Amino acid sequence: MVRKLTVGLGGRNLPNKDRLSKSDPFLIVFSVGQSGAFKFVKRTEVKKNNLNPDWKDLEFEDGELDLSHKTTILRLEVLDDDGRGKADHLGSAVFTLAQLEVAGKQRSRLQLVDKEKKDAGHLVVNSFTLE
C-alpha cells in the first residue's frame, strides 16, 4: 500500500520585499537526499500581494518523501516571486514530519528565519493527513 501525506501550509507576517506592492510568496519543499544534501521535492503556487498566504494543499507519496519515518527532515523555503524566473528569499527553516504534525494538531506557528538568521515570519500547518 502506498502511503500519502497531504499537508496544508500557510505563511504569517512574511517580510515584504517588493517596493510598490506586497511580496508574492510561494513555498518550496526540499528533503534530505541520500548524499545528505537537500533536494527539491515540490512547490506551491504563487500568492500575489499577500504577506499571510494559505497555499493549496501539497500531496506527497512514499518515494517523494520517506513517509515511514516521522524523523524525515524537510527544508521549507518561502520565496518572493519577482517574475521572469527571479525570486527573493523571504524565510526558511528545517523541520521533521513529526514537528509539522504536532504544529498542525496544536495550531502552533513555526518560526522562519532569513539569510541573516533574523525573524522572517511564521509557517502555519493548516492540515496534516498521513494515510
Side-chain angles (χ1 to χ4, degrees):
M1 180 176 132
V2 176
R3 298 187 81 185
K4 184 173 93 172
L5 170 65
T6 304
V7 63
L9 297 167
R12 298 294 179 267
N13 302 315
L14 298 176
N16 189 16
K17 297 281 185 169
D18 291 349
R19 289 191 181 156
L20 301 176
S21 62
K22 294 179 182 154
S23 293
D24 305 318
F26 64 99
L27 179 123
I28 301 179
V29 178
F30 298 89
S31 68
V32 177
Q34 290 183 345
S35 68
F38 284 103
K39 65 179 175 113
F40 172 84
V41 180
K42 278 205 172 146
R43 67 167 274 178
T44 66
E45 77 281 9
V46 173
K47 291 289 190 175
K48 294 278 189 192
N49 295 316
N50 195 335
L51 302 180
N52 297 291
D54 286 310
W55 294 285
K56 292 179 185 170
D57 288 358
L58 293 171
E59 291 185 357
F60 304 93
E61 291 184 358
D62 249 342
E64 290 180 296
L65 296 177
D66 182 357
L67 300 177
S68 60
H69 297 96
K70 298 276 177 100
T71 56
T72 296
I73 296 172
L74 302 178
R75 178 178 172 84
L76 304 178
E77 286 192 17
V78 179
L79 302 172
D80 173 26
D81 181 22
D82 288 335
R84 298 182 307 277
K86 295 187 178 179
D88 293 323
H89 181 268
L90 294 178
S92 60
V94 175
F95 304 105
T96 63
L97 286 180
Q99 288 173 307
L100 294 178
E101 184 177 31
V102 167
K105 286 179 181 173
Q106 296 180 351
R107 293 283 185 228
S108 56
R109 294 179 174 210
L110 299 168
Q111 182 70 51
L112 293 171
V113 294
D114 63 16
K115 289 183 177 179
E116 286 79 43
K117 304 290 183 221
K118 294 180 183 164
D119 177 27
H122 298 89
L123 275 180
V124 291
V125 180
N126 296 318
S127 62
F128 186 99
T129 307
L130 184 57
E131 305 176 295

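Keep in mind it's a predicted model, so treat the numbers as computed, not measured.
The minimum heavy-atom distance linking D114 with L90 is given by the pair CB-O, 3.9 Å. The two residues G8 and D57 come nearest to each other via the heavy atoms CA-OD1, 3.2 Å.
Between the side chain of R3 and the backbone N or O of L67 there is at least one donor-acceptor pair closer than 3.5 Å.
The environment of H69 atom NE2 is sparse: at most 12 non-hydrogen atoms of other residues, nucleotides or ligands sit within 6.0 angstrom.
The side-chain contact (heavy atoms from CB on, under 4.5 Å) search around N16 returns D18, K22, S23, L51, not counting sequence neighbours. Every residue two or more places apart in sequence or in another chain that forms a side-chain contact (heavy atoms from CB on, under 4.5 Å) with K70 is listed here: A98, E101, L130.
Side-chain atoms of S21 and N49 form a donor-acceptor pair, as typed in the model, at a separation below 3.5 Å. Judged purely by distance below 3.5 Å, without hydrogens or angles, the side chains of R75 and S92 pair a donor atom with an acceptor atom. Side-chain contact check for D54 and N126: at least one donor-acceptor pair (N or O, by modelled atom type) lies under 3.5 Å. Of the N and O atoms on the side chains of E77 and H89, not one donor lies less than 3.5 Å from an acceptor on the other residue.
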- Test salt bridge (charged side-chain N to carboxylate O under 4.0 Å, His left out) applied to E64 and K42, step by step: CA-CA 9 Å; E64 290 180 296; K42 278 205 172 146; 3.3 Å; yes
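Looking only at side-chain heavy atoms (C-beta outward), L76 and I28 stay at 4.5 Å or farther from each other. The side-chain heavy atoms of V29 and F40, taken from C-beta on, include no pair separated by under 4.5 Å. No side-chain heavy atom of V94 sits less than 4.5 Å from a side-chain heavy atom of L74. The shortest distance between side-chain heavy atoms of V7 and F128 falls below 4.5 Å.
A continuous path of hydrophobic side-chain contacts links L58 to F95 [ILVMFWY only; heavy atoms under 4.5 Å]. W55 and V124 fall into different hydrophobic clusters, where Ile, Leu, Val, Met, Phe, Trp and Tyr side chains are chained together by heavy-atom contacts under 4.5 Å.
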